[in-house]
Amino acid sequence: MDSYPMHGRDLGVNPDDLEVMEAVQETKQEVLENKDVVVQNVNIEGLGRTKEDYLGYEISDVFTARNLVEVMRKSHEARQRLLRLGIFRDVEVVIDISEGADALPNGLDVTFEVTELKRLTGSYNTMVGNNEGSMVLGIKLPNMLGRGEKLTFQFSYGTKETSYGLSLFKPQTGFYERNFTLNLYKVTGQFPWSSLKETDRGVSTELNFPLWMTDHTLKWEGVWRELGCLARSASFAVREESGHTLKSALSHTMIIDTRNSAILPRRGALLRISQELAGYTGGDASFLKEDVELQLNKEFIWGSVLSASLWGGMIYPLGGQPTSIADRFYLGGPTSVRGFGMYSIGPQSEGDYLGGEAYWAGGLHLYTPLPFRSNKRGLADLFRTHFFLNAGNLCNLNYGEGPHAHLQKLAECIRWSYGAGIILRLGNIARLELNYCFPMGVQSGDRICDGVQFGAGIRFL
């Protein structure tokens, strides 16, 4: 909680009277904490282009406070909500006694002194994805029309992907978590494990909203995809996929996340369920795609954490059309089944990995603090030792067969690995892993990494 002035005009206490008040300090404290008060006015000073009605919901709870402690607590919570809107650089709170003809003896006025962001801001940063990094340049126009709207242009140059895009963000007044986003973008990516390069030009709309304990995203995407060969040695199967396609898809994602951290959690659980339907609103691609992620974390003795995770997904071709190499699942690498090359498990042709229509992967992890570390907090707190056991499989299914045959095929030729290593947590941005891996269950065509393997990313199995 931010500190508030405990003397002066803000609480009606004169500094010259402090010596006299020491004798009745305990009594006065009891009066200040328990005395009934009424918040008569809540003011916001410093507004320029921001509309007052947009902020009403964020500060309305202050009026319900019934004593000074509640006023301070609810004012702090309102300050946090105002900062969360992303339209203010700073917010200060001043609590004062009410003045004027209508002032009550126990009346208080609360004033929020805000500093708005500039109309045009720029940013430069780096981002870490799944075993890739990128430099990001951005220009933002925050709070364009005075009710939280934001226009953003972003350019990203990475090791495997280059992109630029324009997005418009609009939150619902009085309900910031419920918002709408419109995106225009172009993305060019390279996928060396498949000897494939892809250029996407598209438009998408997103609606985000919470519902009870869950967060939901509804999305429509229309994208013109251009697939090509990354190298002359690309297999015929990849060359067959080359060309232009149009994809129009509706998708829904539901998330329940109770973890204390998304990068290296110590407790809590995550459930993510995604569905994507392509072809219903037009385009060349036609399929139904399901994807599930589950993670459980439990803290136990000596600061250790036991974590279990499970991924699974399936894509169903519709209308008799085969699925595209750009829509299938991929598995393997330092962020999923460790000990194998990046996305180098499953169907392949002449060394090019083609992805699969069904997969599953599971992991069991033990994270422990570094041994022989001191009791003082320091750099060692960013590191963890890591013991893991991973398993999974990726394949294509014959949809003329029943569920029993599908499960039987997914249970065949299971790849698995075990090992140990060191993890470095980079704040809440990403994490780095350096593991010594022992891949097992290797099948013909799989690419393995027997020994030391390095990984960087956000989402790990």
Can we say Lys74 and Asp61 salt-bridge, meaning some charged N sits less than 4.0 Å from an Asp/Glu carboxylate O? yes
Hits for side chain to side chain donor-acceptor pair (under 3.5 Å) against Tyr359, two or more places apart or cross-chain, chain-then-number order -> Asp291
All side chain to side chain donor-acceptor pair (under 3.5 Å) counterparts of His406, not counting sequence neighbours: none
Asp352-Ser235 side chain donor-acceptor pair, cut-off 3.5 Å: yes
Close side-chain approach of Trp193 to Ser344, heavy-atom, < 4.5 Å: no
Is the shortest side-chain N to carboxylate O distance from Glu241 to Arg328 below 4.0 Å? yes
So, does Ser336 use its side chain to make a donor-acceptor pair with the main chain of Gly332 at under 3.5 Å? yes
Within residues 146-160 or reaching into it, pairs that qualify as side chain to side chain donor-acceptor pair (under 3.5 Å) - sequence neighbours excluded: Asp53-Arg147
Can you name the side chain to side chain donor-acceptor pair (under 3.5 Å) partners of Glu350, sequence neighbours left out? none
Are any of the side-chain nitrogens in Glu276 or Lys219 under 4.0 Å away from the carboxylate oxygens of its partner? no
Residues two or more places apart in sequence or in another chain: which of them pass side-chain contact (heavy atoms from CB on, under 4.5 Å) with Leu230? Gln190, Pro192, Lys197
Got a sec, which residues hit ring pair (Phe, Tyr, Trp, His ring centres under 6.0 Å) with Phe180, two or more places apart in sequence or on another chain? none
Pro171 versus Tyr54: any side-chain heavy-atom pair under 4.5 Å? yes
If you draw the axis of the six-membered ring of Phe236, does the NZ or CZ of Arg239 fall within 45° of it and under 6.0 Å from the ring centre? no
Quick check against the 3.5 Å criterion: does Asn260 have a side-chain atom that pairs as donor or acceptor with the backbone of Arg267? yes
Just checking, any donor-acceptor pair under 3.5 angstrom between side chains of Glu116 and Thr50? yes
Hey, are Arg431 and Glu433 close enough for a salt bridge, meaning a charged N less than 4.0 Å from a carboxylate O? yes
With sequence neighbours excluded, residues passing ring pair (Phe, Tyr, Trp, His ring centres under 6.0 Å) with Phe388: His386
Taking side chain as C-beta onward, heavy atoms only, is Thr385 less than 4.5 Å from Ile422? yes
Compute whether any side-chain donor of one residue and acceptor of the other, for Asn297 and Gln295, lie under 3.5 angstrom apart. yes
Side chains of Leu294 and Leu270 in contact at under 4.5 Å (non-hydrogen atoms): no
Report all side-chain donor-acceptor pairs from residues 203-210 shorter than 3.5 Å, counting only partners two or more places apart or in another chain.
unit_1: Ser204; atom_1: OG; unit_2: Asn183; atom_2: ND2; d: 3.2
unit_1: Asn208; atom_1: OD1; unit_2: Thr217; atom_2: OG1; d: 2.7
unit_1: Asn208; atom_1: ND2; unit_2: Asn179; atom_2: OD1; d: 3.0

I'd like to know if Arg84 pairs up with Glu177 as an ion pair, taking the criterion as any Lys NZ or Arg NE/NH1/NH2 lying under 4.0 Å from an Asp or Glu carboxylate oxygen. yes
Ring pair (Phe, Tyr, Trp, His ring centres under 6.0 Å) partners of Trp220, counting only residues at least two apart: none
Could you name each residue pair satisfying side chain to side chain donor-acceptor pair (under 3.5 Å) that touches residues 441-450, not counting sequence neighbours? Arg415-Asp446
Output all residues satisfying ring pair (Phe, Tyr, Trp, His ring centres under 6.0 Å) with Tyr57, sequence neighbours left out; order by chain, then residue number. none
In the structure I gave you, are the side-chain heavy atoms of Met342 and Tyr353 within less than 4.5 Å of one another anywhere? no
Ser349 side chain near Val238 side chain, heavy-atom distance below 4.5 Å: no
Quick one: does Lys289's side chain have a donor or acceptor within less than 3.5 Å of a partner on Asp327's backbone? yes
Output all residues satisfying side chain to side chain donor-acceptor pair (under 3.5 Å) with Glu357, sequence neighbours left out; order by chain, then residue number. Thr323
